[in-house]
There are 2 protein chains.
Amino acid sequence: MSLDLRLMRYVIAVAETGGFQAAAERLHIAQPPLSRQIRQLEGELGVALFERRPTRLTGAGQVFVDAARETLAAAERTVAVTRRAARTATGTLRVGYGPTTAHSEMPLLLAALAEAHPEVTVEAVESWDPGLVDGLRTGGLDAALGRHLPTPRDCRALTLRAEEYVAVVHAGHRYAGRGAVALRDLRGETFRFLARDLAPDYHDAVLAAARSTGEDFAVWHNPVPGLRNHLGVLTDGFMLLPRSVAEHLLPAAARLTLTDPLPPVPLRLVHRGARDAPALAALVRTARALSAAEGWTAGTSPDAGSDA
Amino acid sequence: MSLDLRLMRYVIAVAETGGFQAAAERLHIAQPPLSRQIRQLEGELGVALFERRPTRLTGAGQVFVDAARETLAAAERTVAVTRRAARTATGTLRVGYGPTTAHSEMPLLLAALAEAHPEVTVEAVESWDPGLVDGLRTGGLDAALGRHLPTPRDCRALTLRAEEYVAVVHAGHRYAGRGAVALRDLRGETFRFLARDLAPDYHDAVLAAARSTGEDFAVWHNPVPGLRNHLGVLTDGFMLLPRSVAEHLLPAAARLTLTDPLPPVPLRLVHRGARDAPALAALVRTARALSAAEGWTAGTSPDAGSDA
DNA sequence: CTGGGCACATACCCTGAAGGTATGTCGCTG
DNA sequence: CAGCGACATACCTTCAGGGTATGTGCCCAG
């Protein structure tokens with residue numbers, strides 16, 4: 001049996017693009033070899049994966065595609081965990097971080113780690129939340145820093161900070177002079193938000209918090225990626241941001257303290273088990289110390305799944 | 001990245017055989033290409049998987065091997081579930097069965113199915129329990145018939161029969177004339193049993209049943225595979241077998257009813273969910289009817305995980 | 001109904017990666 | 001320290017996978 005990862009990618013490409021021609025382009029090969037490979041595979045399996053003219057997945061083809069996706073994921077995991085195993089043996093860490101921490105908490109954490117453990121080398125990787133979660137799951141990352149970052153299976157989490165939301169409006173907004181508002185005052189205004197898929201858990205948590213006051217909002221999701229691009233769009237309407245993010249990244253805008261009692265935004269360090277990984281253990285210890293030194297949390301309860 | 005299933009198999013072979021030479025033989029290739037391939041892979045990964053002279057897995061190599069095994073399993077699953085999907089669309093079933101059912105229950109079941117549902121085609125596969133379980137898990141089998149057969153995830157089970165054990169001894173044995181014994185009467189005699197890995201659940205269940213009487217036995221595990229080979233070895237000592245198995249397969253030996261109250265041996269039909277698979281549903285219905293008609297069970301409770 | 005274009009199939013060629021053979025070198029052992 | 005076993009190196013060979021040219025069936029416009 002010569003079933004191969006390459007063939008799986010081919011079938012998936014055809015299924016996703018809906019045609020052999022388009023798939024061949026995506027795969028950077030010509031169409032005839034692609035057709036031939038898939039025909040050959042169908043022959044070996046004794047199963048038709050596609051109907052042709054027009055191109056459509058058969059039932060068995062759908063089953064194949066699902067299973068093949070899992071196989072490819074397992075293959076990626078294989079290289080990721082192997083690289084990670086090699087890294088941790090040499091005291092190198094890969095740490096991911098969300099864009100909102102890039103100019104504040106993440107550099108502080110790296111500086112504190114360099115001071116306390118100069119022997120640890122860190123490779124820092126910026127990514128939106130799904131990328132961070134994926135890295136943690138597959139082993140591409142040893143740890144990740146993010147707000148409302150979920151904790152994948154086999155990982156542990158440590159809350160470094162818990163802060164309040166502020167409403168942020170343009171300096172020319174009618175409320176800009178006020179120091180505080182209630183969410184109900186913002187009724188009817190456009191709630192400007194990141195695209196959900198950049199940070200689904202954060203998105204849902206903020207929206208749930210806002211709606212817990214009983215108000216509902218017309219949410220405008222920014223179709224343009226990039227955090228700075230998003231923050232630059234605040235000419236009308238409002239945003240809800242953790243206070244430190246607003247201070248760091250939107251200093252010119254007006255910050256309005258919320259009178260509504262919203263649950264705070266957790267900043268979490270999510271990391272893989274630190275067994276046999278002294279570098280990772282050092283990072284976690286440093287993060288905990290930093291959190292206490294900065295007074296970010298009331299020195300209280302780490303979350304479920306934390307390392308006690 | 002050109003990481004490939006073939007390379008994973010290579011690494012696993014070297015890890016398992018403990019050397020490049022031996023691995024090359026097992027893979028039916030020469031040693032130099034194997035060494036080169038693995039060297040190349042290590043280069044692409046940037047990680048040493050083996051120490052050479054002598055050959056030993058590194059830590060990262062061990063991690064790679066584990067992940068690669070999962071990947072290969074996923075790949076096998078891919079072809080198995082695809083084939084199964086194609087089959088079930090055409091009304092063909094693959095049914096596995098254990099050697100002890102080959103001359104009794106399995107043919108009865110197939111005959112009953114052919115009578116009730118001539119449109120269903122069945123491909124029957126004989127295998128020991130781990131093979132049956134694997135087939136069910138990966139999709140290679142739609143159903144399997146066996147004694148003390150465990151129920152893999154996503155499968156359902158139906159108990160067709162529950163029968164008592166008998167002690168079986170050679171016709172010349174000092175107890176051969178007796179109709180019944182207690183297990184304690186057999187103390188000191190060799191308990192002859194199949195190798196555990198042919199049917200781990202069955203093995204453990206029988207042993208647990210025997211030991212539940214308080215007696216312990218010196219268990220002799222047959223190193224030779226094959227059920228007939230095993231049964232032929234009964235010149236001294238004793239075996240514990242389900243009564244029907246003893247009657248069918250060791251008619252010349254003496255069967256001794258046990259006076260100890262042992263839990264009965266279940267004969268189960270384990271099968272995948274029958275959603276969208278009328279042929280499989282037909283098999284299950286036929287099996288249930290057969291079980292009732294033969295009076296194998298008291299018409300009572302199917303097990304947990306059964307289809308009600 | 002018909003002609004044209006799009007998309008997949010067929011035919012044939014070509015390149016490179018994987019495998020083979022011959023031989024070198026390291027390291028263990030007696 | 002000599003000999004052998006096991007992995008590395010060098011070089012050759014083969015064929016699977018990819019490319020180009022072209023055929024063919026299906027759909028749609030007019």
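Proteins get letters first, then strands, A, B, ... in listed order; numbering begins at 1 in each.
Remark: A:A75 engages A:L5, B:M8, B:T71 in a side chain to side chain contact (heavy atoms under 4.5 Å, CB included) (not counting sequence neighbours). Here B:E51 pairs with B:R56 under the salt bridge (charged side-chain N to carboxylate O under 4.0 Å, His left out) rule; sequence neighbours left out. Considering only residues two or more places apart in sequence or on other chains, A:D197 meets the salt bridge (charged side-chain N to carboxylate O under 4.0 Å, His left out) condition with none of them. Under the salt bridge (charged side-chain N to carboxylate O under 4.0 Å, His left out) criterion, A:E123 pairs with A:R94, sequence neighbours left out. Applying the salt bridge (charged side-chain N to carboxylate O under 4.0 Å, His left out) test to B:R52 and every residue at least two apart in sequence or in another chain returns B:E42.
Each end of the helix from C:dC1-D:dG30 to C:dG30-D:dC1 gets its own rotation axis from five pairs of C1' atoms, and the angle between them is 30° to the nearest 10 degrees.
Side-chain N/O atoms of B:S35 include none lying less than 4.0 angstrom from OP1 or OP2 on D:dT9. For A:R52 and C:dA7, the shortest distance from a side-chain N or O to OP1 or OP2 is not below 4.0 Å. For A:T55, a side-chain nitrogen or oxygen approaches OP1 or OP2 of C:dC8 to under 4.0 Å.
Distance B:E51 CD to D:dA8 C1': 17 Å, rounded to the nearest Å. Rounded to whole Å, atom P of C:dA18 lies 10 Å from atom CG of A:D4. Rounded to whole angstrom, the span from the CZ atom of A:F50 across to the P atom of C:dA9 amounts to 11 Å. Atom P of nucleotide D:dA10 and atom CZ of B:R39 are separated by 12 Å, given to the nearest angstrom. With rounding to whole Å, B:L7 atom CG is found 11 Å from C:dA17 atom C1'.
Pairs engaging residues 29-84 of chain A under the ring-ring contact (aromatic ring centres under 6.0 Å, His included) rule: A:F20-A:F50 [sequence neighbours left out]. The side-chain hydrogen bond (donor to acceptor under 3.5 Å, both in side chains) contacts involving residues 130-143 of chain B comprise B:R87-B:D142, B:D134-B:R137, where partners must be two or more places apart or lie in separate chains.
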Next item on the list: Take A:R77 and A:E70 through the test salt bridge (Lys or Arg N to Asp or Glu O under 4.0 Å) and record every step on the way to the result.
Entry: CA-CA 10 Å; A:R77 245 196 325 273; A:E70 280 182 41; over 6 Å; no

Without placing hydrogens or testing angles, list every side-chain donor-acceptor pair under 3.5 Å for residues 220-227 of chain B, not counting sequence neighbours.
unit_1	atom_1	unit_2	atom_2	d
B:H221	NE2	B:H203	NE2	2.7
B:N222	OD1	B:V224	N	2.8
B:N222	ND2	B:H230	ND1	3.0

For residues 29-41 of chain A, please give each side-chain donor-acceptor pair under 3.5 Å, one per line with the distance, not counting sequence neighbours.
unit_1	atom_1	unit_2	atom_2	d
A:Q31	NE2	A:S35	OG	3.1

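Shown for residues 18-27 of chain B: no residue has heavy atoms falling under 4.0 angstrom of DNA chain C.
Using a cut-off of 4.0 Å between Lys/Arg side-chain N and Asp/Glu carboxylate O, B:R196 and B:D204 are scored as salt-bridged.
Backbone-only contact: B:Q40 has heavy atoms under 4.0 Å from sugar-phosphate atoms and none from a base.
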Check: Quick one: what's the B/S/- string for nucleotides 19-30 of chain C, heavy-atom cutoff under 4.0 Å, read 5' to 3'?
Finding: BBBB--BB----

